[in-house]
Amino acid sequence: MTRTTPPRPLDITGVFPELTGLARTAFRLHPVPGEPTVHDSSVGGPLLWPADEPWPECETAPIPHWEANALRDIHLRRALLARSSAPPHGPGEVLTEEERETLRRINAGLDHESLPSGPQPMIPLAQLYARDVPGLAFPEGTDLLQVLWATTYVSSRDSHPVQLRWRRRVEVRDVLVAPPEPAYVAVEDLVPVPCVLHPEAVREFPPYQCLDEDLAARLLAWGKQRSRDTYWQDLSVVPGWKAGGWPTHFTFRDPPEPDSDELRCPDCAGPVDALLTVDSSEWDSGTSWIPLEYAEGAERPPEQPYGRLFDPTEVTVGRGYSLQVYYCVGTPSHVPALIMQ
Ligand SMILES: [Zn+2]
């Protein structure tokens with residue numbers, strides 16, 4: 001089943017014609033919990049990874065003082081909780097005694113004494129085949145993008161918790177069957193539920209921080225005359241997980257100055273641009289972006305029988321912010337820049 005973004009409340013280029021040339025295509029990914037394979041585009045799914053290529057590792061944050069769990073236990077607990085909360089049952093009603101015991105074991109966490117220090121394998125964040133996101137900035141000769149990250153806090157530019165791989169699909173002959181997993185997960189909120197994707201091309205206009213000051217001020221003033229900041233909320237950048245398009249809005253902090261190091265490639269200091277937006281929810285209440293298939297009164301899509309429609313990945317960035325992944329425009333294989341914004 002496809003996902004369809006409702007038409008925008010108005011065509012902003014009719015009010016501000018100078019925006020016309022600034023439109024970009026973004027791909028809403030519309031993740032849905034499922035069982036993606038290495039041959040599918042996915043969030044949190046298995047990667048088409050060459051068997052003879054080392055799996056990336058990342059220095060981990062200090063061992064957490066809270067409960068740490070193995071990756072597979074996090075997935076198991078989520079699956080049990082999702083199933084037990086599926087209608088018509090209430091939480092816990094359909095679990096067997098054995099399953100409840102499993103939950104108790106997982107909730108108790110791993111023995112901290114047993115946790116190793118040092119680098120740990122990263123986990124898949126997203127995999128995108130060019131056929132699903134046509135027009136995304138794939139370097140010449142590549143048709144597969146893989147994004148991996150570490151389940152640590154994204155706090156400094158000194159550690160690089162995200163890595164990119166741009167590949168040519170046909171060149172991966174022997175696929176790695178059992179990728180290594182981290183011994184423990186530091187931040188469960190950074191582990192995506194494996195999701196299949198329903199990419200949808202949408203038209204975006206620049207967020208305020210990417211406009212010249214005069215135009216941004218006029219758009220803001222125009223929005224203030226209306227009951228809400230329509231440009232920000234309805235007309236510029238889509239909420240939720242997306243690929244390409246414009247960078248997402250800055251919410252809890254100010255954008256960096258245009259010449260700031262934050263908006264430069266960590267490897268070569270060259271220009272960067274929006275590649276992938278990891279969002280804590282697909283939409284907020286009162287938004288105009290809810291897909292038509294999820295509109296009030298619409299039947300819940302059969303492939304998504306439980307869980308929250310606005311939070312399919314269960315990823316939360318900071319206190320519900322977005323993480324914008326910026327790729328190096330000159331050399332896309334460089335380490336990406338990351339900004340929680
Ligand atoms: Zn670079």
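Numbering starts at 1 and runs along the sequence shown. In listed order, ligands and their atoms are each counted from 1.
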Polar protein atoms (N, O or S) that approach the Zn ion (ligand 1) to under 2.8 Å
Cys265 SG, Cys268 SG, Cys328 SG, His334 ND1
Set of salt bridge (Lys or Arg N to Asp or Glu O under 4.0 Å) partners for Asp284, sequence neighbours left out:
none
Would you check, one step at a time, whether the test salt bridge (charged side-chain N to carboxylate O under 4.0 Å, His left out) holds for Arg28 with Glu204?
CA-CA 11 Å; Arg28 292 186 84 174; Glu204 286 191 326; over 6 Å; no
Could you list who else is in Leu211's hydrophobic cluster, with ILVMFWY side chains joined at under 4.5 Å, directly or through other members?
Leu10, Ile12, Val15, Phe16, Leu19, Leu22, Phe205, Tyr208, Leu215, Leu219, Leu220, Trp222, Tyr231, Trp232, Leu235, Val237, Trp246
For a quick test of your reading: what N or O donor-acceptor pairs under 3.5 Å do the side chains of residues 70-78 make, sequence neighbours left out?
unit_1: Arg72; atom_1: NH2; unit_2: Glu181; atom_2: OE1; d: 3.3
unit_1: Asp73; atom_1: OD1; unit_2: Arg105; atom_2: NH2; d: 3.3
unit_1: Asp73; atom_1: OD2; unit_2: Arg105; atom_2: NH1; d: 3.0
unit_1: Arg77; atom_1: NH1; unit_2: Asn107; atom_2: OD1; d: 2.7
unit_1: Arg77; atom_1: NH2; unit_2: Asn69; atom_2: OD1; d: 3.3
unit_1: Arg77; atom_1: NH2; unit_2: Glu188; atom_2: OE1; d: 2.8
unit_1: Arg78; atom_1: NE; unit_2: Glu314; atom_2: OE1; d: 3.3
unit_1: Arg78; atom_1: NH1; unit_2: Val191; atom_2: O; d: 2.6
unit_1: Arg78; atom_1: NH2; unit_2: Glu188; atom_2: O; d: 3.2
unit_1: Arg78; atom_1: NH2; unit_2: Val191; atom_2: O; d: 3.1

Do we get Arg8 above Trp289's six-membered ring, with its NZ or CZ under 6.0 Å from the centre and within 45° of the axis?
yes
Using only heavy-atom distances, determine whether the side chains of Thr277 and Gln324 contain a donor-acceptor pair under 3.5 Å.
yes
